[in-house]
Every structure is written in C-alpha cells, then in structure tokens.
Amino acid sequence: MAIYESINNTDDGRRVLKLTSPVTLQPLGEIVCANEADVSAAYARAESAQLAWGAKSVKQRVEAVQKLLPVLLNNSEAIVDTVVSETGKARTDALLMEIYAACDSVSYYCRRAEKFLRPEKPRAHGFLGLSKTIELHFKPLGVVGIITPWNGPFILAINPTVQAILAGNAVLLKPSEVTPESGRWLEKVCKEAGLPDGLVQVVIGDGQTGAALVESAVKKIAFTGSVATGQRIAESCGRQLKPCTMELGGKDAMIVCADADIDGAVTGAIIGSCMNSGHYCCGTERIYVVEAVYDRFLEKAIEGVQALRQGSEYGFDEDVGAVFWDKQMAIIEGQVDEAVANGAKVHVGGKRNPNLNGLYYLPTVMTDLNHEMAIMRDENFGPIVCVVKVKDEAEAIAMANDSQYGLHGNVWTQDKQKGIDIARQIDTGGVSVNDMAVGYGVHAAPFGGRKDSGVGQVNGKVGLRGYSFCQPVISDRAAAKKATGFPRSTEQAETFKKVMKFIWTTRIGRLFW
Ligand code: NAD
C-alpha cells in the first residue's frame, strides 16, 4: 500500500491525501476524498442504474458480467502494475491473488448464478402442506456498499462486486485510501466490459468517506478490514438496521503433527507466512509443531526462508515484496522487538532488508515465543514464520484456540481423517488440511470468521444469496377456498385441541410434523 499523509483540503473542503510508493519511497500522487454530497450523488446514479439492471433476468446479467473475463485478461499486466506500485507486493502475488483469483471469481459465479438464484419451491409442512404452496424469490437489495482494505486491493473489490451485481444490485465501492488506483480499476474494467453506467462506481476516500457510505442509503455493507473499523461500522449498521457482513482480521494457527510430510508442511508454513509480504488475513501467524518433528521442521524452515528472494525489480522471480505501508512496518518491528526483548530468538531476518531502499522487511524465522507476546496475540501481518514447540496435538489445539481471532487455520498430517478431526476442534471460520489457508479462493466453501474475525459468511451460494433478499410468496393450492378465522368459538377451539392431540401424541400424527 502506498504510504499516505493528509496534506490539506480543497477549496470546497474535501480532504486531500498525498501517497508515497512503498517501493521507491517517491510520491505516487494525491487523492481527493469524496464527501457526503459525493457519496449521495453516486448513490443516486447507482439507484437509477440498478432499477433497470435488477429487472433483468439472472441469465441476462450473467451474459453481461462474463464480458469482464476478456477485459481482465487483456488488462492483467496493467492492473498488476498498479497493484505493485501501490502495495509493493511481489509481482507473482499480484498476478495470482488479484488477477487469477478475479477471473476465477467471475467465471465461478457466472456459471452458477442462475442455479443459486433460481426460485425454490419448498413444501409447506404439516396440514399447511395440503393447502399451501411456497415460492422463494431471491430479489436484489438495491444499491450495496463495499468497503475494502489494502492487502488485496483488487480481488477484495471485484469478488464481492461480481456477486452483488449478479444478484441484481448496483455497487458503490470504497477502496482503501492507500490503494485507490487498484480500486479504481474495478470501475474501469466494468466500463470496458460494457456494464451499465453507474452500476459499479468507485468512491475514493478515507475512513470518513467510508463512514459516509455506511450512513448513506445503501441497503447493505460488505466490509473487509480491521476489527476496530468493523466494530465501528457494525455499530452504525446496527443503529440503521442495515444488514452487513464483517470480514475482519485473523491470527491463523498451523498445527504440524508428528506424521506430517515435513517438506510439505515447511513449504506451507513459508508460503502461508510470507505470501503477500505476510499481509494476508488468513496468513499463517502461529505454527505449533509437536516435539517429535520440531527440530527437523525448524531446520528446514530456516533453510527455506533463507532461500527466499526479496527484491525491488518486480520480475516474476521475486518471492517476497515490500511491506505495504509504514504503519504496518512499525507494527511488525515493534512486535518482533518486544518478543526478542522477552526471550524470543530470531534465526533468520528479524530486521529491515539493508540492501533495499523501500519498505522491505526480511523474511524471518522466530522461536522461543509465548502467548504473552504481542506477536503471538495480535495480527502481525509481516513475513514472519513463528514456530512454537508443543508436546502433542492436544496442546497444539489448545494453543491454536487461545486467541481472540478465529478466521482460518491449517493442520498437517498424512492421516486425512485425523486432520479433519483436528480441524473440527479448531474454533475458526474454516480450516485447511495439508495446505495453507485457501478458504477465500475455494468459492463453494462459505468464508467468514468467528470470535473477533467477523460476522456473517461470504462467497459461494451463501454469499451470493447474501446480496439478495429471500422473499417467500405463499399461496393456496385451491383457486378459491372457504374463509377461516373469525368469528372465534368454543366449538372451533375444541376442534383445534383434538387436532393438536392427534398431531403431537399419535404415531400417524408425526406425518404432520
Ligand atoms: P481498516 O479497517 O483500517 O480499513 C479498511 C477500510 O475501511 C478502508 O477502506 C478504510 O478507509 C475504511 N474505513 C476506515 N474507517 C472507517 C469508518 N469509520 N467507516 C467506514 N469505513 C472506514 O483495515 P486495513 O488496515 O485497510 O486492512 C487490514 C485489515 O483487514 C487486517 O486486519 C486484515 O486481517 C483485514 N482483512 C480481512 C480479510 C477477511 O476476509 N477476513 C481480508 C483482507 C483483510
């Protein structure tokens, strides 16, 4: 992410932020933050676009949305360039996380939207089933607001947007103030794909702009970001009775069992900890290795991290990029220093890369850590492999669950069923067995956090339907039927009593449960 500072206001009072590249530490430009009036104007345009868009069939929407695919492929290098310039992430991270994943999201939801949003006809239960039919219709919400962070500035914008518009909504996206141009690409690709004007708009700005979006007339907020901001937004949504999803931070644990394939586990640990410079909500931040394989694991982890290539040329052959902004660097350095002061050991790295000018933190391996240290409690988001020796799997599970967060996690064992059994004891929104946390990219799996990691689930059928309102339409089987109801009578009550006795005390009555 770009580093930013507030410089002044425009004559009409809009806040202006100056951005600096984390790669070159040179100025990237300025952004003018949208104010409440700008958000309202964007809302009005979106509302008008949504009327016509929401009236289209899902098939028509799919035909329009899948035109994003060639546009994404044609613009992939340009989008990657923007993401790299604003974030400093490694080029391959940008290609895979932002472009491959975006295309995968578009194709997944386009292929399945009609199925997921098709009206359903569940059977009414009991006596009602004899007389009533039900249709469930998945109707658009209207204009929805999407607010995103800086660590996946394009994918975290396009993935929810694709779902929202396929469900018939218009979208106002507020990207992070430090990755505005990556966010702006969303509007550009939608325009190039021929989606209606106003359907997908990007509102550039900071937290105050985001707050204005939350307080605007949008019908839902899909938020991805930190716990503190999520709490503020959820409070506002609560007051407005506005639905919201909260995809928040994580402190994912990895458990390495004695029977794990150690080479595979070490590779998973390094990529899980260092991918995207460690700025991954489901990044591996704590690794619990049972003592039987601890030494072997640690030795290979040190070797693997030492072999990582960190550079500022941004060819596809660099493994780890820059820390995206100076505030994150301060958190990473602060936590490492505090841990070391309290007895932690740094085996590799543990400091900024002295050979590079930008915000580069060396890929690091640390041990001798405990849960009193901030690095084991709070999000670190750095390229740091934190390894802890545990007696056995039970201790590893207890340590994994000893966290305020509950986003994802991973378990490594060659016994798949054992891996699943351990996964089920981890109190998180999802768990991977023998892989780093892949949950966000496996669309069929609902994604969301427990504890402080969030509220609600996104992605897949659940996520797509989350951008719609399920309206049941209940009607009578018979075209005309005798009215029941008033006037009430003792005779009517006696009949009900007999019916109740029949349903809830007899075996045949169970048929009506
Ligand atoms: P952040 O909470 O500081 O900002 C996120 C977004 O919220 C930005 O666009 C920001 O401008 C906006 N914002 C800030 N204050 C606001 C307010 N009062 N009202 C409305 N909007 C406001 O988070 P960040 O530092 O950009 O992102 C990093 C965090 O995101 C990490 O905690 C990371 O774990 C989390 N994250 C979670 C997921 C997930 O899916 N669970 C994915 C990626 C990142």
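For clarity, every value in this text was computed on a predicted model and none was experimentally measured. We count ligands from 1, going down the list as the structure has it; atoms in each ligand are counted the same way.
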Select one of side chain, backbone, both or neither to describe which atoms of [X] lie under 4.0 Å from any atom of ligand 1, heavy atoms only.
{"X": "Glu379", "result": "side chain"}
{"X": "Val178", "result": "neither"}
{"X": "Asp206", "result": "backbone"}
{"X": "Leu248", "result": "backbone"}
{"X": "Thr209", "result": "neither"}
{"X": "Arg232", "result": "side chain"}

Do you see a donor-acceptor pair shorter than 3.5 Å between the side chains of [X] and [Y]?
{"X": "Gln163", "Y": "Asn159", "value": "yes"}
{"X": "His347", "Y": "Thr367", "value": "yes"}
{"X": "Ser182", "Y": "Glu86", "value": "yes"}
{"X": "His371", "Y": "Asp402", "value": "yes"}

- Item | Presence of salt bridge, Glu98 and Lys89, under 4.0 angstrom | yes

For [X], atoms of ligand 1 separated by under 4.0 Å from a heavy atom:
{"X": "Gly210", "value": "19 (N), 20 (C), 21 (N)"}
{"X": "Glu177", "value": "8 (C), 10 (C), 11 (O)"}
{"X": "Ile233", "value": "19 (N), 20 (C), 21 (N)"}
{"X": "Lys174", "value": "8 (C), 9 (O), 10 (C), 11 (O)"}
{"X": "Leu407", "value": "41 (N)"}

Below 4.0 Å from ligand 1: does a non-hydrogen atom of [X] turn up there or not?
{"X": "Pro175", "value": "yes"}
{"X": "Tyr280", "value": "no"}
{"X": "Ser176", "value": "yes"}

- Leu359, Val323, Asp326 screened by side chain to side chain contact (heavy atoms under 4.5 Å, CB included) with Pro22, the one that passes: Leu359

Heavy-atom nearest option to [atom], drawn from [options]:
{"atom": "atom 7 (O) of ligand 1", "options": "Phe381, Phe223, Trp325, Phe447", "result": "Phe223"}
{"atom": "atom 16 (C) of ligand 1", "options": "Thr229, Thr179, Thr148", "result": "Thr229"}
{"atom": "atom 35 (C) of ligand 1", "options": "Ser453, Cys281, Gly225, Gly230", "result": "Gly225"}
{"atom": "atom 43 (C) of ligand 1", "options": "Asn151, Ile147, Ile146, Leu173", "result": "Asn151"}

- Query: Cation over ring, Arg91 on Tyr314, under 6.0 Å and within 45°?
  - Reply: no

- Item | Ring-face cation contact, Tyr467 with Lys220, 6.0 Å cut, 45° max |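 Yes, Lys220 and Tyr467 form such a contact.
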
- Query: So do Val289 and Val387 actually touch side chain to side chain, heavy atoms under 4.5 Å?
  - Reply: yes

- Message: Tell me if the CG atom of Asn357 is crowded by more than 12 foreign heavy atoms within 6.0 Å.
- Response: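 For Asn357, atom CG is not crowded (no more than 12 foreign heavy atoms under 6.0 Å).
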
- Message: Is it the case that the ring center of Trp150 lies less than 6.0 angstrom away from the ring center of Phe381?
- Response: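 Close enough - the centres of the two rings lie under 6.0 Å apart.
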
